[in-house]
2 protein chains.
Amino acid sequence: MDSEPPWLDDEEQQVWLQLSLLLTRLPTALERQLQRDAGLSLYEYLLLSGLSMTPTRRLRLRDLAEFTGTSLSRLSNVIRKLEGHGWVIREPDPQDGRSTFAVLTEAGYAKVVASAPGHVREVRKLVFDPLSTAQLRRFGSTIRRVLDVIDPHGCDPEALLRAEDIEQVSSR
Amino acid sequence: MDSEPPWLDDEEQQVWLQLSLLLTRLPTALERQLQRDAGLSLYEYLLLSGLSMTPTRRLRLRDLAEFTGTSLSRLSNVIRKLEGHGWVIREPDPQDGRSTFAVLTEAGYAKVVASAPGHVREVRKLVFDPLSTAQLRRFGSTIRRVLDVIDPHGCDPEALLRAEDIEQVSSR
DNA sequence: GAGCATTACTTCAATCTTCAAGTAAAGATC
DNA sequence: GATCTTTACTTGAAGATTGAAGTAATGCTC
């Protein structure tokens, strides 16, 4: 096997430092805005907006956990909290007795609609405004390359959001 | 001021999705490796390795909080845990009765030395190997641009690590 | 169709994080 | 030099997260 250098060179170290900072500072900044203006955590926002992007505004908990990138256990707790606010309800999956849908209520949809603009404004301010179009494009493909290594099956969240509507028969 | 579009265009949305994934998946992957191979959280590793990079292997808690990007409160708790392992001790700052040094012990230093190669290998595998040199350079400067907006004073952590030994002798 | 493995979810306990006080030392201002 | 503010840190309670069971439905294999 190739023996790789045991430490990063100067340039790598520079980039690694920048990336580490981004990894901690950006979520914190987004979280702050959402918490202040909408009383939502970044995770909660991601969850609600994920549901809202879906044709029937529902997702199996398993898929939602995948989409938000966390454990079912955490998701289960957060859903309970969101149910308390009346933003989400659980519905059994008629096709599979094991799985449960998280369904966005009207109130939940309204919450997303109300919170999205502020969040988008922040994302735009912090990420898109400072970058040129070309820079943006390269940034995206660089990140994609890293993600391919972390998660080679590239469990495309977009696909998740689109693929779940086939089996709708009833409800509402 | 320009009124900005209320939502992201397709390309922006793509990039944003990639970035969101990176923000959650990369720390998780690094955390997993460290937890498995060294029994450390990413935060603990960052903290210990920050101390180890310092000329005297010590940093004021305030500076360490800044460096690791979190609250003093969290830091205080983590330091207590690390003290329990014998990796760190607290020492009062003779220059300023309010502040405390976190000092890396020999055992703590040994812990960093033992854990670093595995962590570096993971970082290299996930971030540097997939990128060309040119890509890397652009990636770094793109990130820097974003960070400049989030944190304009650009409180350079490198400076922190270097700057703390001057005042062993004098005050301000 | 019986038995075994897997999947989807929930819950509990342990740990971790945050937030809001609280303490105590410095520094600033008059 | 008395008072006011700021800075550095700690602590305790509340809330969040993880990890290990536990339950229940499903799928797989013989």
Side-chain angles (χ1 to χ4, degrees), chain A residues 24-25 27-32 34-36 39-47 58-85 88-103 155 160 164 167, chain B residues 24-25 27-36 39-47 58-85 88-103 155 160 164 167 170-172:
Chain A
T24 61
R25 263 59 164 186
T28 305
L30 295 173
E31 183 100 33
R32 189 165 37 234
L34 276 169
Q35 202 60 255
R36 172 170 41 90
L40 291 174
S41 72
L42 187 52
Y43 183 78
E44 289 166 341
Y45 177 82
L46 185 64
L47 192 166
R58 77 190 54 209
L59 235 27
R60 285 184 215 85
L61 294 196
R62 191 67 203 68
D63 294 335
L64 196 49
E66 170 93 21
F67 174 72
T68 56
T70 60
S71 67
L72 225 24
S73 161
R74 178 183 183 187
L75 178 63
S76 185
N77 290 320
V78 175
I79 293 282
R80 177 162 7 95
K81 185 182 163 192
L82 295 177
E83 277 184 316
H85 287 284
V88 170
I89 55 171
R90 284 180 225 237
E91 267 184 29
D93 180 352
Q95 323 278 287
D96 184 337
R98 292 167 302 178
S99 66
T100 309
F101 281 108
V103 187
C155 51
L160 267 182
E164 57 64 60
E167 57 220 279
Chain B
T24 61
R25 264 57 163 187
T28 306
L30 295 173
E31 183 100 34
R32 189 163 39 233
Q33 182 277 319
L34 276 169
Q35 202 60 255
R36 173 170 42 87
L40 291 174
S41 72
L42 186 53
Y43 183 79
E44 290 165 340
Y45 177 82
L46 184 64
L47 192 167
R58 77 190 53 210
L59 235 28
R60 282 184 218 84
L61 295 196
R62 193 65 203 70
D63 294 334
L64 196 48
E66 170 92 21
F67 174 71
T68 57
T70 60
S71 67
L72 225 24
S73 161
R74 179 183 182 187
L75 178 63
S76 185
N77 289 321
V78 175
I79 292 281
R80 175 160 12 93
K81 185 183 163 192
L82 296 178
E83 276 185 316
H85 286 283
V88 170
I89 56 172
R90 283 180 226 236
E91 266 183 28
D93 181 353
Q95 324 277 280
D96 184 337
R98 291 168 302 178
S99 65
T100 307
F101 281 108
V103 186
C155 51
L160 267 182
E164 57 66 56
E167 57 216 287
S170 68
S171 47
R172 58 212 126 232

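All chains are named by letter (A, B, ...) in the order of the sequence lines, taking the proteins before the strands, and each is independently numbered beginning at 1.
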Measure from the side-chain heavy atoms of [X] and tell me the nearest of [options].
{"X": "B/V78", "options": "D/dC9, C/dT17, C/dT18", "value": "C/dT17"}
{"X": "A/R80", "options": "C/dT11, C/dA25, C/dT18", "value": "C/dT11"}
{"X": "A/S71", "options": "D/dT6, D/dT18, C/dT18", "value": "D/dT18"}
{"X": "A/R98", "options": "D/dG27, C/dT11, D/dT17", "value": "D/dG27"}

In a check of side chain to side chain contact (heavy atoms under 4.5 Å, CB included) between B/D96 and each of B/P92, B/S99, B/P94, which one passes? B/S99

Using heavy-atom distances to pick each residue's nearest nucleotide on DNA chain C, tell me which of A/Q35 and A/S99 is more 5'. A/S99

Which is it for B/T68 and B/V78 under the side-chain contact (heavy atoms from CB on, under 4.5 Å) test, yes or no, and what are the steps along the way? CA-CA 12 Å; B/T68 57; B/V78 175; over 6 Å; no

Interatomic distance, [X] [atom1] vs [N] [atom2] [rounded to whole Å]:
{"X": "A/I79", "N": "C/dC9", "atom1": "CD1", "atom2": "P", "value": "10 Å"}
{"X": "A/R62", "N": "C/dT6", "atom1": "CZ", "atom2": "P", "value": "15 Å"}
{"X": "A/E83", "N": "C/dC9", "atom1": "CD", "atom2": "P", "value": "13 Å"}
{"X": "B/E91", "N": "D/dC9", "atom1": "CD", "atom2": "P", "value": "14 Å"}
{"X": "B/L72", "N": "C/dA25", "atom1": "CG", "atom2": "C1'", "value": "14 Å"}

Can you tell me how far the CG atom of B/L40 sits from the CG atom of B/L47, to the nearest 0.5 Å?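 One gets 10.0 Å once the value is rounded to the nearest 0.5 Å.
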
Value rounded to 0.5 Å, distance of OH in A/Y43 from OG1 in B/T24: 10.0 Å

Could you go through A/R90 and A/R80, starting from their C-alpha distance and side-chain angles, then the distance that decides it, and tell me whether this counts as side-chain contact (heavy atoms from CB on, under 4.5 Å)? CA-CA 9 Å; A/R90 284 180 225 237; A/R80 177 162 7 95; 3.8 Å; yes

How bent is the helix from C/dG1-D/dC30 to C/dC30-D/dG1, measuring the angle between the end axes built from five pairs each, rounded to 10°?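 Comparing the first five pairs with the last five, the axes sit 30° apart.
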
Base, sugar-phosphate, or nothing for B/T100, non-hydrogen atoms under 4.0 angstrom?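 Result for B/T100 = sugar-phosphate.
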
Using a heavy-atom cut-off of under 4.0 Å over every strand shown, decide if B/N77 touches base, sugar-phosphate, or nothing. base

